[in-house]
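Read the structure below first, then the notes.
The sequence lines fix the lettering, A, B, ..., with proteins before strands; numbering per chain opens at 1. Note that these values count all heavy atoms, side chains included, but never hydrogens, waters or copies made by symmetry.
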Amino acid sequence: MMPEQRSFECDTRQTCRKRRFYATTAALAAMLLVLVTFHAPILRAVVSPLIAPADDRPVDYVLISCSTEDLPPIALMRGLSNVAASSPEIRILLVQPAPSLLAHYGGQPRCDEFVVAHLLAHHFPRDRIETIPAAATTFWDEAAAIPVWLQQRPGTCVGVLAESIGSGNRQAIVRAVGNTSVADRIVVMPVEPIECNSRQWWKSRAGVQAVLLAMIERLQMTFFGRPQATVPTWDPDQYERDLLAGKADR
Amino acid sequence: MSFRRRTTTLLAAGAIAVILAGTHPIWLSGAAIWLDVGERVRPVDAVYILGGADVAVRALVGAALIRTGYANRALVSGVHYQPDEDDGVLCPQQERACRVLAHRGIAQSQIEVLGRDHRTTFDEAASLKRYLTAHPRATVAVVTSDFHTRRTRWILRQSLGERYARVVVVSSPSVTFVPRDWWRTPRGASDVAGEYPKLLFYWFRYSWAPYGWGMALLAVAFSVRSLRRRRLPPTAVSHC
């Protein structure tokens with residue numbers, strides 16, 4: 001009696017398992033087919049939260065981010081040159097960055113000085129470049145400085161230049177820190193990157209890298225919000241003293 | 001799935017999520033520390049400053065090693081640069097590194113640009129291999145960012161073979177975040193969290209190890225399955 005019962009159970013289980021196996025395989029095959037056939041719209045949809053929609057509203061000021069130790073990407077510098085050339089009325093806005101260690105040691109010019117020098121070299125008038133006094137270390141600091149500045153200038157609109165992949169993050173930051181009364185006067189202006197095409201980002205290594213980094217940034221923003229991290233205080237002179245004392249292990 | 005099993009799974013997942021959230025400073029800082037395999041500095045003939053966004057900080061560390069007598073000369077990676085790509089707005093990375101070295105008092109005669117047109121760390125490793133072959137007694141300290149040292153060490157071991165014994169990998173710190181709370185800054189997040197997919201990519205792209213591990217896992221899975229089948233009673237097997 002028992003063996004028959006066991007064999008019946010086993011038979012049922014095997015049948016179920018087989019059925020489940022075939023169903024899973026068929027579902028996976030169908031999913032793969034859909035993914036392959038419609039990969040372009042699917043991959044575009046994946047990055048859509050990372051790309052701010054184009055906004056054609058006219059702006060009075062264009063801001064280029066200068067808050068990190070890195071100089072602006074070349075796509076943004078080109079975008080800035082195009083904007084400066086496109087309208088004789090347009091003004092450029094910068095938020096003063098925090099003192100740069102690399103600029104101090106001659107590694108590169110300070111970002112805001114670099115942008116101003118570039119604009120002046122392209123015959124852009126100095127009196128149409130304005131700098132908000134601050135000590136910005138991230139774009140969050142810049143985004144927080146703009147609404148305060150805008151409150152004293154009713155009716156003024158500011159366009160924030162951003163590389164298209166990641167411009168959605170910029171927009172999210174502007175909305176997160178911005179004052180609602182002036183938020184609609186800040187527009188994110190996506191600029192197509194040079195190394196890749198944001199509509200076909202998966203076709204180049206640079207595109208994949210840009211999407212990956214923008215996704216990481218979005219996750220970081222979502223979970224931890226505005227950066228409140230320890231400010232690094234690395235000093236090359238102290239490092240040398242540590243080396244001489246045999247204390248530095250790196 | 002039965003109700004009891006489903007509830008247990010959900011509770012277990014919730015408990016894991018709570019533990020992970022509660023202990024995130026520990027494992028997230030651990031993730032950055034794991035990437036840093038920089039070694040203790042020892043006297044070498046030259047420092048090799050790798051290219052990258054942090055090239056100026058790496059150059060500062062390289063300059064410190066020369067100024068304190070740990071090395072005699074600096075080799076600067078010749079990174080790919082095309083002026084028409086950036087409208088001549090930015091200068092090549094090696095030029096920026098050379099400027100920092102000069103600013104720190106390193107003589108021009110002590111600086112050499114190694115290789116040219118480097119696009120990846122593998123290209124830089126290939127140039128170092130040529131240098132070590134041409135200088136059979138030379139020892140080199142490779143200076144790169146702390147979060148990049150694990151991948152660099154792996155690449156150097158792959159590329160240099162026995163010459164790797166003459167190399168020491170030295171970490172340079174980041175000036176925009178600290179490893180103990182890297183996840184609180186966008187730059188820290190992109191550098192540290194972005195390093196893991198790169199490590200995986202390099203592992204799959206430049207090594208046979210993952211395929212070996214994959215085959216081994218498949219073999220184990222098949223063995224376990226066939227063992228389980230053998231244990232079933234003969235009647236049960238005949239029904240299948």
- Query: If you round to the nearest 0.5 Å, how far is CZ of F224(A) from CG of L28(B)?
  - Reply: 5.5 Å
- Note on the structure: Bottom line for R218(A): the part with an atom under 4.5 Å from chain B's heavy atoms is neither
- Item | Approximate separation, where rounding is to 0.5 Å, of I216(A) CD1 and W183(B) CH2 | 15.5 Å
- Message: I'd like to know whether CZ of R128(A) has more than 12 heavy-atom contacts from other residues, nucleotides or ligands below 6.0 angstrom.
- Response: yes
- Query: Do K198(B) and Q209(A) come within less than 4.5 Å of each other through their side chains, counting heavy atoms only?
  - Reply: yes
- Message: Does anything in residues 102-109 of chain B reach chain A? List residues with heavy atoms under 4.5 Å apart, or say none.
- Response: H103(B), R104(B)
- Query: Quick check: are there more than 12 heavy atoms from other residues, nucleotides or ligands sitting under 6.0 Å from CZ of F201(B)?
  - Reply: yes
- P197(B) versus chain A, heavy atoms under 4.5 Å apart: side chain, backbone, both or neither? side chain
- Toward chain B, the part of N169(A) with a non-hydrogen atom under 4.5 Å: neither
- Task: With sequence neighbours left out, write down each residue that passes side-chain hydrogen bond (donor to acceptor under 3.5 Å, both in side chains) with D112(A), or none if nothing qualifies.
- Result: R110(A)
- Note on the structure: For P232(A) and F177(B), the nearest pair of non-hydrogen atoms, with its separation, is CG-N, 3.3 Å
- Task: Pick one of side chain, backbone, both or neither for S174(B), based on which atoms fall under 4.5 Å of a heavy atom in chain A.
- Result: backbone
- Message: Let me confirm one number: the OG1-CD distance from T185(B) to E217(A), rounded to the nearest 0.5 Å.
- Response: 10.5 Å
Identify every side-chain donor-acceptor pair in residues 50-65 of chain B under 3.5 Å, counting partners at least two apart or on other chains, and give the distances.
unit_1: D54(B); atom_1: OD1; unit_2: R187(B); atom_2: NH2; d: 2.9
unit_1: D54(B); atom_1: OD2; unit_2: S145(B); atom_2: OG; d: 3.1
unit_1: R58(B); atom_1: NE; unit_2: S145(B); atom_2: OG; d: 3.0
unit_1: R58(B); atom_1: NH1; unit_2: L50(B); atom_2: O; d: 3.3
unit_1: R58(B); atom_1: NH1; unit_2: G51(B); atom_2: O; d: 2.5
unit_1: R58(B); atom_1: NH2; unit_2: S145(B); atom_2: OG; d: 2.9

- Separation of Q220(A) CD from W182(B) CH2 (nearest 0.5 Å): 9.0 Å
- Message: Quick check: under 4.5 Å, non-hydrogen atoms only, which of residues 95-105 of chain A neighbour chain B?
- Response: L101(A), L102(A), H104(A), Y105(A)
